[in-house]
Enquirer: 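Structure below; questions to follow.
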Number of protein chains: 2
Amino acid sequence: MTRGTDTGNRDTVQTTRTMLETVEVIKRLEGATVTEVAAELGYAKSTVYRHLSTLSDLGYVVKTDNEYRVGLRFLELGQHARTRQAGYDLTTKKVEEIAERTGERAQFIVREHGDAVYIHRAFGDDAVRTDPGIGSRIPLHATAAGKAILANLDEDELFDVLEQTDFEGFTDHTITDREELLDELAEIRERGYSFNREENLKGLHAVGVPILGDGGVVIGALSVSGPSHRLRGDRFHEDLPNLLLGTANELELNITHT
Amino acid sequence: MTRGTDTGNRDTVQTTRTMLETVEVIKRLEGATVTEVAAELGYAKSTVYRHLSTLSDLGYVVKTDNEYRVGLRFLELGQHARTRQAGYDLTTKKVEEIAERTGERAQFIVREHGDAVYIHRAFGDDAVRTDPGIGSRIPLHATAAGKAILANLDEDELFDVLEQTDFEGFTDHTITDREELLDELAEIRERGYSFNREENLKGLHAVGVPILGDGGVVIGALSVSGPSHRLRGDRFHEDLPNLLLGTANELELNITHT
DNA sequence: AATATCGTTCGATCATATAGAACGTGGATG
DNA sequence: CATCCACGTTCTATATGATCGAACGATATT
């Protein structure tokens, strides 16, 4: 996972930073009291209190007894951001379709600020039901969908993104070298789809295809993932790629024609 | 729709208020530039610029060219708030089931700060597909689900909520009188389910049931809605209520036993 | 080429976010 | 039942930093 600008407190509104830190803490702790947040962040109790009161007043945080929790007003903003992604409506159905046809897990993912973000997800009958949901951020360089997106960025953008990438290693198979990644991205661009062979999670394979909009701009990517013992051989290397490519094609026709 | 504290700038972090105003503006305008936001809010350009830069730095806002948009990091917070609602998983399936069985639109709604908020929604084959999505806020006093929730609050909480309610009238049928509402809530409590007869939208009917958790605390409400010409007679007054009551019962058994 | 328009940077000011102490309250402990 | 924490909340002084307006630079427009 990467961050916007790690050290960057150049010229920014400090209070906003503090406020969002506060929200992130009550998210991480799944609800917290004033003192807990103050301890976690090293701020004075009164400061945290004022922040949480304000957020509660504005409806962005919910207070029950003395515990504060992330409020649903963030969902309003989040859904707004989600639904305004290109191809949002069309991809919903396609993801469900792929999940049903394959029995595995399918997802639609877009890029934002160096990360890949889940927009849709569906489970087939055999799908592994664990793990991250809508809105979660996963690394671009260690996922099938992520690599499919990277492979279709123009050079400038790609280099910008790679600049921010820390090439964190998740398993022995994660690509942790910039050059190696560039080589694989070239392959993917040519081939039209990408693989993830236990690069993010031990035992998990995936296939990904990019979804391109007008002018070949990459909108996001579709992927199917499942246990490595089921995703192998022809199914992994041919059937699933073909299914995804077909779906991507249908989608692209519909998206550009609206 | 109601607000936390309309005039309230008592003792709150002003900057947070400004920051959230900024985000709400770029949401409402579906993306906006620095000058547009500054004009909309009456702040100096430089101020808005600093705010948007900060938010962009932190990944909460996305900048393309000179336009800022609400970022997907809000979705991360929003989904967190959404999924941690009691019975989140269970209600997903039930809502889909109801939509399929009735052919209409079904939803699961919870209360937060004087408003009802959509948590799940599903469309049956005949469903009216217009209107608000997940995360949207609707009035408690003018919807079936909202009234089902109100009817099951304890007095203190109910009065707190009614305090904030402005009894906005949406159609000729909206209940705009506090006493009238209290009477109807008493009926609903006794009967176990609620109706919405074009109280929120002309031509739209709905039936709602509360979902109660441990100790009879109301968690949220399920409702089915559709055009008034289809939701009438026995179907409206008996079949749908029975279906909903049955589902609510199942849910309540599963929620309390975990 | 000239001009307007916008994003961005800069500097001074004044508002206000912050910390810390003080107050009030509920729950635990003896 | 009395005492004592521990916590949320209010208050106040101070210094930080958010704000504005002006100036700069880039870009598009005519």
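Lettering follows sequence order; numbering is per chain, from 1.
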Enquirer: Give a yes or no on whether a salt bridge exists between A/Arg28 and A/Glu30, defined as a side-chain N under 4.0 angstrom from a carboxylate O.
Expert: no
Enquirer: Please state how far atom CG in B/Asn66 lies from atom C1' in D/dG25, giving the value in whole angstrom units.
Expert: 13 Å
Enquirer: If we only count heavy atoms from C-beta on, is the A/Arg111 to A/Leu153 side-chain gap below 4.5 Å?
Expert: yes
Enquirer: Atom CD of A/Glu36 and atom C1' of D/dG8: how far apart are they, to the nearest Å?
Expert: 13 Å
Enquirer: Quick one: does NZ or CZ of B/Arg178 land under 6.0 Å from the six-membered ring centre of B/Phe159, within 45 degrees of the ring axis?
Expert: yes
Enquirer: At less than 4.0 Å, is any side-chain N or O atom of B/Thr33 found next to OP1 or OP2 of C/dG7? Yes or no.
Expert: yes
Enquirer: Check whether any side-chain heavy atom of B/Leu150 sits under 4.5 Å from a side-chain heavy atom of B/Leu158, and report yes or no.
Expert: yes
Enquirer: Decide whether B/Thr33 and B/Glu67 meet the rule of one side-chain donor and one side-chain acceptor closer than 3.5 Å.
Expert: no
Enquirer: Between A/Thr22, A/Leu55, A/Thr18, which is the residue that forms a side chain to side chain contact (heavy atoms under 4.5 Å, CB included) with B/Thr16?
Expert: A/Leu55
Enquirer: Hey, can you tell me if A/Tyr88 and A/His120 have their rings parallel, tilted or perpendicular (30° and 60° cut-offs)?
Expert: tilted
Enquirer: In plain terms, say whether A/Arg73 and B/Asp115 are close enough for a salt bridge, that is, a side-chain N and a carboxylate O under 4.0 Å apart.
Expert: yes
Enquirer: Can you pull every protein N or O that's under 3.5 Å from an N or O on nucleotides 12-15 of chain D?
Expert:
none

Enquirer: Per the end-axis method with five pairs at each terminus, what is the bend angle of the helix from C/dA1-D/dT30 to C/dG30-D/dC1, to 10°?
Expert: 40°
Enquirer: I'd like to check the side chain to side chain donor-acceptor pair (under 3.5 Å) partners of A/Lys27; sequence neighbours left out, ordered by chain and number.
Expert: none
Enquirer: Atom OH of A/Tyr49 to atom C1' of C/dA22: distance rounded to whole Å?
Expert: 15 Å
Enquirer: Between B/Glu67 (CD) and C/dT8 (P), how many Å, whole number?
Expert: 13 Å
Enquirer: In chain order, what residues pass the side chain to side chain donor-acceptor pair (under 3.5 Å) check against A/Glu180, with sequence neighbours excluded?
Expert: none
Enquirer: Scan nucleotides 13-21 of chain C against the protein and return all N/O pairs shorter than 3.5 Å with their distances rounded to 0.1 Å.
Expert:
{"unit_1": "C/dA17", "atom_1": "OP1", "unit_2": "B/Gln14", "atom_2": "N", "d": "3.4"}
{"unit_1": "C/dA17", "atom_1": "OP1", "unit_2": "B/Thr15", "atom_2": "OG1", "d": "3.3"}
{"unit_1": "C/dA17", "atom_1": "OP2", "unit_2": "A/Arg50", "atom_2": "NH2", "d": "2.8"}
{"unit_1": "C/dA17", "atom_1": "OP2", "unit_2": "B/Thr12", "atom_2": "O", "d": "3.4"}
{"unit_1": "C/dA17", "atom_1": "OP2", "unit_2": "B/Gln14", "atom_2": "N", "d": "3.1"}
{"unit_1": "C/dT18", "atom_1": "OP2", "unit_2": "A/His51", "atom_2": "NE2", "d": "2.8"}
{"unit_1": "C/dA19", "atom_1": "OP2", "unit_2": "A/Ala44", "atom_2": "N", "d": "3.1"}
{"unit_1": "C/dA19", "atom_1": "OP2", "unit_2": "A/Thr47", "atom_2": "OG1", "d": "2.4"}
{"unit_1": "C/dA19", "atom_1": "N7", "unit_2": "A/Ser46", "atom_2": "OG", "d": "2.8"}
{"unit_1": "C/dG20", "atom_1": "O6", "unit_2": "A/Ser46", "atom_2": "OG", "d": "2.8"}

Enquirer: Working to the nearest 0.5 Å, report the span between CD1 of A/Ile255 and CG of A/Leu212.
Expert: 9.5 Å
Enquirer: Going by the angle between their ring planes, with limits at 30° and 60°, are B/His141 and B/Phe170 parallel, tilted or perpendicular?
Expert: tilted
Enquirer: Using whole Å, what does the distance between atom P of nucleotide D/dC7 and atom CG of A/Asp65 come to?
Expert: 15 Å
Enquirer: Using whole Å, what does the distance between atom C1' of nucleotide D/dA18 and atom CG of B/Leu20 come to?
Expert: 16 Å
Enquirer: Between B/Thr35 and C/dG7, is there a contact of a side-chain N or O with OP1 or OP2 at under 4.0 Å?
Expert: yes
Enquirer: Considering only nitrogen or oxygen atoms on both sides, find all protein atoms under 3.5 Å from nucleotides 28-30 of chain D and state each distance.
Expert:
none

Enquirer: Between atom CE of A/Met19 and atom CD of A/Glu24, what is the distance when rounded to the nearest 0.5 Å?
Expert: 9.0 Å
